[in-house]
Amino acid sequence: MLAVMSALRITRDGDVLHLTLSRPETRNAFDAALISELAEAFVDVGTVRAVVLAGEGPSFCAGADVEWMRASVDLDFEANVADATALTRMLEAINSCPAPVIALVHGHALGGGAGLVACADVAIAHEAAIFGFTEAKLGLIPAVISPFALAKIGPGPARRYFLTGERFGVETALRIGLVHEVTDDLEAALARVLSELRSAGPRATRAAKRLVLDRPEAPETARRIAERRTSEEGQEGLRAFLERRPPTWKGSR
């Protein structure tokens, strides 16, 4: 399956949905069209095992498009709120996507691009990638991406990198928890992660993501594990383990 929007390329390879930012001439910087198309693409991802988010050309996503920023200079307060709200909705759609979201990061991931990385469940970075919450360099703040970035890296690193707006490499990104893995071969790393996901129960994977996002209290956690144990998938997983055989979902695509 192949679909091409003006700023986003959508392909499906078996049980994996690939969303590729396709504005390489701007290093995949955000504008209103890309924000809208990304939000739409994450509305319904179906039953896929994973969504892979990547960027075409030399960078993953270099933040906000220059022309989009130029236009925002003349917006009044209410129009700026509406503009920022559209970005919020897009990030929330990615963050709350029921399927696991894997970000493949190369080149630059700055500003809103770093926000995309923060929304991913699994972030794999090329060893030469550069990151930054760079808004302060423009006299702005990373306000819209902050809920997602803070959930990922915590307030300690944010108190430095939000304030300075400095760029940093993969060693720092790995240390503060913005990315999970650094590699010189993104495709090989992706294949390993997809293999691990396919070995887990499809519904359990989605329920586990919901658990992280919801952070339920103890009584609710008891209800959720009971629900999983008595589910068809949970019963199959337990029986397969006890019978020393692969579960029915393992290896399926």
Between [X] (side chain only) and [Y] (backbone N and O only), is there a donor and an acceptor less than 3.5 Å apart?
X: Glu233; Y: Arg228; value: no
X: Glu37; Y: Ala7; value: yes
X: Asp31; Y: Leu34; value: yes
X: Arg89; Y: Leu91; value: no
X: His106; Y: Gly57; value: yes
X: Asn80; Y: Asp76; value: yes

Taking only Lys NZ, Arg NE, NH1 and NH2, and the carboxylate oxygens of Asp or Glu, determine whether Arg175 and Glu171 approach each other closer than 4.0 Å. no
Between Glu220 and Arg223, does any side-chain N to carboxylate O distance fall below 4.0 Å? yes
Taking side chain to side chain donor-acceptor pair (under 3.5 Å) as the test, write out the residues that go with Arg206, two or more places apart.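 Arg206 satisfies side chain to side chain donor-acceptor pair (under 3.5 Å) with no other residue.
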Under the side chain to side chain donor-acceptor pair (under 3.5 Å) rule, collect the residues that match up with Thr26, sequence neighbours excluded.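 Applying side chain to side chain donor-acceptor pair (under 3.5 Å) to Thr26 gives Arg23.
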Could you please spell out the steps behind the side-chain contact (heavy atoms from CB on, under 4.5 Å) verdict for Ile35 and Leu87? CA-CA 6 Å; Ile35 289 170; Leu87 180 58; 4.0 Å; yes
Among residues at least two apart in sequence or on other chains, which ones pass side-chain contact (heavy atoms from CB on, under 4.5 Å) with Thr205?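 Only Arg49, Pro100, Leu197, Ala200 meet the side-chain contact (heavy atoms from CB on, under 4.5 Å) criterion with Thr205.
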For residues 93-102, pull every pair meeting side chain to side chain donor-acceptor pair (under 3.5 Å), keeping only residues two or more places apart or in separate chains. none
What pairs meet the side chain to side chain donor-acceptor pair (under 3.5 Å) rule with one or both residues in residues 141-160, with sequence neighbours excluded? Arg160-Glu166
Any chance you could pull the hydrophobic cluster mates of [X], using side-chain heavy atoms under 4.5 angstrom and chaining through other members?
X: Leu213; answer: none
X: Leu211; answer: none
X: Leu238; answer: none
X: Phe77; answer: Val81

Flag side-chain contact, heavy atom, 4.5 Å: [X] against [Y]:
X: Arg203; Y: Glu232; answer: no
X: Val144; Y: Met90; answer: no
X: Val170; Y: Val179; answer: no
X: Ile10; Y: His18; answer: no
X: Val51; Y: Phe42; answer: yes
X: Leu53; Y: Leu38; answer: yes

Same apolar cluster (I L V M F W Y, side chains within < 4.5 Å links), Trp249/Phe241: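 No, Trp249 does not connect to Phe241 through the hydrophobic network.
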Result block: side-chain N/O donor-acceptor pairs under 3.5 angstrom for residues 182-194, not counting sequence neighbours:
residue: Thr183; atom: OG1; partner: Asp185; partner atom: N; Å: 2.9
residue: Thr183; atom: OG1; partner: Asp185; partner atom: O; Å: 3.3
residue: Asp185; atom: OD1; partner: Glu187; partner atom: N; Å: 3.3
residue: Asp185; atom: OD1; partner: Ala188; partner atom: N; Å: 3.0
residue: Arg192; atom: NH2; partner: Glu181; partner atom: OE2; Å: 2.7

Any idea which heavy atoms bring [X] and [Y] closest together, and the distance?
X: Pro98; Y: Val45; value: CG-CG2, 4.4 Å
X: Arg198; Y: Val16; value: NH2-CG2, 3.4 Å
X: Gly177; Y: Ile153; value: C-CG2, 4.3 Å
X: Glu196; Y: Ser199; value: O-OG, 2.7 Å

How would you list all residue pairs meeting ring-ring contact (aromatic ring centres under 6.0 Å, His included) that involve residues 147-166, not counting sequence neighbours?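 Listed by first then second residue: Phe133-Phe162, Tyr161-Phe168.
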Please evaluate residues Arg245 and Glu236 with respect to the criterion salt bridge (Lys or Arg N to Asp or Glu O under 4.0 Å), reporting the C-alpha separation (whole Å), side-chain torsions for both, the decisive distance (0.1 Å), and the verdict. CA-CA 10 Å; Arg245 62 172 175 81; Glu236 166 61 15; 2.7 Å; yes
Has [X] got more than 12 heavy atoms of other residues, nucleotides or ligands less than 6.0 Å from its [atom1]?
X: Arg210; atom1: CZ; value: yes
X: Glu243; atom1: CD; value: yes
X: Ile141; atom1: CD1; value: no

Straight-line distance of [X] [atom1] to [Y] [atom2], nearest 0.5 Å:
X: Leu17; Y: Ile102; atom1: CG; atom2: CD1; value: 11.5 Å
X: Leu104; Y: Phe60; atom1: CG; atom2: CZ; value: 8.0 Å
X: Glu135; Y: Leu140; atom1: CD; atom2: CG; value: 7.0 Å

Worked verdict on Leu21 versus Leu8 for side-chain contact (heavy atoms from CB on, under 4.5 Å): CA-CA 5 Å; Leu21 312 182; Leu8 186 67; 3.9 Å; yes
Name each donor-acceptor pair under 3.5 Å that joins a side chain in residues 108-130 to protein atoms two or more places apart or in another chain, with its distance.
residue: His108; atom: ND1; partner: Arg27; partner atom: NH1; Å: 3.3
residue: His108; atom: ND1; partner: Ser59; partner atom: OG; Å: 3.3
residue: Asp121; atom: OD2; partner: Val101; partner atom: N; Å: 2.8
residue: Asp121; atom: OD2; partner: Lys209; partner atom: NZ; Å: 2.7
residue: His126; atom: ND1; partner: Ala128; partner atom: N; Å: 3.0

